[in-house]
There are 2 protein chains.
Amino acid sequence: MPNKNDVIRLSRYRNALVRLRALNFVKVFCDNLADATGVSAAQVRKDFSTFDISQNSRGGYDVKELLKRLNKILNKDTTHEFIEVGAGNLGKALLRYPGFARSGIKIVACFDVDPDKYDRQAEIPVLPIEELDDFVREHQIRFGIISTPDVAAQQVLVRMISAGIKGVLNFASIYLRGPEDCVINNINLESEIENIVYFVNLAEKSK
Amino acid sequence: MPNKNDVIRLSRYRNALVRLRALNFVKVFCDNLADATGVSAAQVRKDFSTFDISQNSRGGYDVKELLKRLNKILNKDTTHEFIEVGAGNLGKALLRYPGFARSGIKIVACFDVDPDKYDRQAEIPVLPIEELDDFVREHQIRFGIISTPDVAAQQVLVRMISAGIKGVLNFASIYLRGPEDCVINNINLESEIENIVYFVNLAEKSK
DNA sequence: TAGATTGTTAATCGATTAACAATC
DNA sequence: TAGATTGTTAATCGATTAACAATC
């Protein structure tokens, strides 16, 4: 029932709550969350309604309780294991990205085609792509990150899916789609840049 | 009139066309673009209509002509200069990200608070954050990338905007907003991950 | 010409907002 | 109790799709 945007907003509420908790907030109202996240108060209430989040009809929400609830819904209570394919600049940076650990995810291995990149001793080992299938099956990995060049992305996806991966975060500038039962989120940095440039230029032209 | 999603789809059509051209396609039909990008053919026609793209009412589009048109609309004909703030792992990886050059953007300088990161001799120099304002004004930079830790993001944004920057790509896990005349695109990797985990778990539960 | 595809308008669908009764 | 905020339903708004006349 909830769609991608609903869950994205839930993430944002959670994020705001973490910061509010750090400021010692005990109670929080719909209006507070709306202000903090840039959505309308009606939207906040609607979202809580669709996720069956309610407290006592008045007097706002207890910050800690609400956070617990959101953490539960967003599966933040357990750690999720990911693999990554593509140990280039971006790929290596992502291996060390602190936000992932914070998000409760752990990248357990990286794969690449380039023998120069292999490193079995590293904390997060870099292995030959041929080992992906066995590794994924053996460790029952369900999530993957694609940080390869564009040309390789499609075939990497196919490989991941056939090995049993169900959720993919794709950084290649190609819009990837998969079967029904597979979740693919595409992050296209080139598109985002083009988008910014477009609207800034538009604003300047119309002056 | 066109909104963010319209322009994002335009980017995708462009991307698909680049690949089709590489395959020596001369003509392309709405249906081809629809298949290649995962949108409906009606959507493709609607989008072309809103951007006043038309050719001859039948017989599809000339790939090269259409590409030219999209490049023009998306401002791919000129190079755009960016600055970046935050020379951590992600920041450094982005400096070397080949997709940016391909997108016609050039990061001309990076800024950080950490003196250990300064490097004036590098191809893309890393400078003290205090020099941001003068640099932006002097070089008339309009675009910026934020790749700092979350806690710094908000104040970096304020600084960028007061220096005259109009478009920002934000990688911190905080949803940033700015004034009316400023375009901010937030890329929240944590949210994306949470999103994938949510939907994969949901699918597994409902089995 | 007949057939096929476009460009655009109208119809549908879904998401956001407004409103208000229920509640503490 | 009176006042204020929630939770939910109905109204509005916008985006996507369907349909079809225009066109080559």
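Residue numbering restarts at 1 for every chain, and letters A, B, ... go by the order of the sequence lines.
Ring-centre distance between A/Y61 and A/F48: below the 6.0 Å cut-off.
Nucleotide C/dA21 has D/dT6 as its partner under the Watson-Crick or G-U criteria, with both atom distances under 3.5 Å. Nucleotide C/dT12 forms a Watson-Crick or G-U wobble pair with D/dA15, both donor-acceptor distances falling under 3.5 Å.
Taking side-chain N and O atoms only, A/S40 has a distance below 4.0 Å to OP1 or OP2 of C/dT17. Within the 4.0 Å cut-off from OP1 or OP2 of D/dC24, not a single side-chain nitrogen or oxygen of B/Y61 is found. Distances shown here put every side-chain N or O of B/S49 at or beyond 4.0 Å from the OP1 or OP2 atom of C/dG7. The phosphate of C/dA15 (OP1 or OP2) has no side-chain N or O of A/N5 nearer than 4.0 angstrom. Remark: A/R45 is not in phosphate contact with C/dT16, judged by side-chain N or O atoms under 4.0 Å from OP1 or OP2.
Put simply, CD on A/Q43 is 12 Å from C1' on C/dG14, counting in whole angstrom units. Straight-line distance from the CZ atom of B/R9 to the C1' atom of D/dT17: 12 Å, rounded to whole Å. Atom pair B/K27:NZ and D/dC24:P shows a separation of 13 Å (rounding to whole Å applied). The distance between atom CG of B/D6 and atom P of D/dG14, rounded to the nearest whole Å, is 13 Å. Between the P atom of C/dG7 and the CG atom of B/D31 lies a distance of 13 Å, rounded to the nearest Å. Spacing between atom CE of A/M1 and atom P of C/dA15 amounts to 11 Å, rounded to whole angstrom units. D/dT6 atom P lies 9 Å from atom CZ of A/F48, rounded to whole Å. Atom CZ of A/F29 and atom C1' of C/dC24 are 12 Å apart (whole Å).
In this pair, A/F135 and A/H139 present their aromatic rings parallel. The plane angle is below 30°, not in the 30 to 60° band. Relative orientation of the A/F82 and A/F143 rings is parallel, given thresholds of 30° and 60° on the angle between their planes.
Ion pairing between a basic and an acidic side chain is recognised when a charged N comes within 4.0 Å of a carboxylate O; B/D77 and B/K72 show no such pairing. Look at B/E190 and A/R12 and you find no salt bridge, because none of the NZ, NE, NH1 or NH2 atoms lies under 4.0 Å from a carboxylate O.
Nucleic acid contact for A/N3: sugar-phosphate only, since backbone atoms but no base atoms lie under 4.0 Å from a heavy atom of the residue.
Between B/K46 and B/V28, the residue whose closest nucleotide on DNA chain C is further toward the 5' end is B/V28.
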